[in-house]
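Notes for the one structure printed next.
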Amino acid sequence: MRKVSKEECGSRLEEIVSSLAEDGPIAIQHDGKDVAIILTPELFEALTEPPPPNVNPRVESLFKKSLVERWRVYKALSRLD
């Protein structure tokens, strides 16, 4: 996940937002700590979609974490359908 400082985000927001499709989620940092993450609408929708009722909550949590960290893999797999 690409990381940018809060100051850099303020001065280059248009460029950062336009690079979301290529770079994936972008973490905004303040004093070296993540304070926000910018996502594409598709990834946000996937993260907020409720899981089927029979999915273990721990598995759901791990999947959502991997979805943010390994979005390129899921994007490539979605093209195989």
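When reading the values below, keep in mind they use all heavy atoms of this one structure, side chains included, and skip hydrogens, waters and symmetry mates. Quick note: residue numbers are just sequence positions, from 1.
For Lys3, the NZ atom is densely surrounded, since the number of other residues' heavy atoms within 6.0 Å is greater than 12.
The nearest pair of heavy atoms linking Gln29 to Gly32 is NE2-O, 3.9 Å.
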Please assess Ile37 against Ile28 for the test side-chain contact (heavy atoms from CB on, under 4.5 Å), listing each intermediate value before the final yes or no.
CA-CA 6 Å; Ile37 297 177; Ile28 308 301; over 6 Å; no

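Cluster membership check: Leu39 does not share its hydrophobic cluster with Leu13, using side-chain heavy-atom separations under 4.5 Å among Ile, Leu, Val, Met, Phe, Trp and Tyr. Tracing side-chain contacts under 4.5 Å through hydrophobic residues (I, L, V, M, F, W, Y), one never reaches Ile38 starting from Met1; they form parts of separate clusters.
In this structure, Lys65 NZ and Leu47 CG are separated by 13.5 Å, a value rounded to the nearest 0.5 Å. Between the CG atom in Leu67 and the CD atom in Glu60 there is a gap of 11.5 Å [rounded to 0.5 Å]. Taking NE2 of His30 as the reference point, atom SG of Cys9 lies at 13.0 Å (rounded to 0.5 Å).
Between the side chain of Ser19 and the backbone N or O of Glu22, no donor-acceptor pair lies under 3.5 Å. Between the Asn56 side chain and the Arg58 main chain, a donor and an acceptor come within less than 3.5 Å of each other. Side chain of Thr48 to main chain of Phe44: a donor-acceptor pair is present (N/O by atom type, distance under 3.5 Å, no hydrogens or angles).
When side chains are defined from C-beta on, Pro25 does not count as touching Glu69, because their heavy atoms never get closer than 4.5 Å. Counting heavy atoms from C-beta on, the side chains of Lys6 and Asp31 never come closer than 4.5 Å. Contact check for Leu43 versus Glu45: no side-chain heavy atoms found under the 4.5 Å cut-off.
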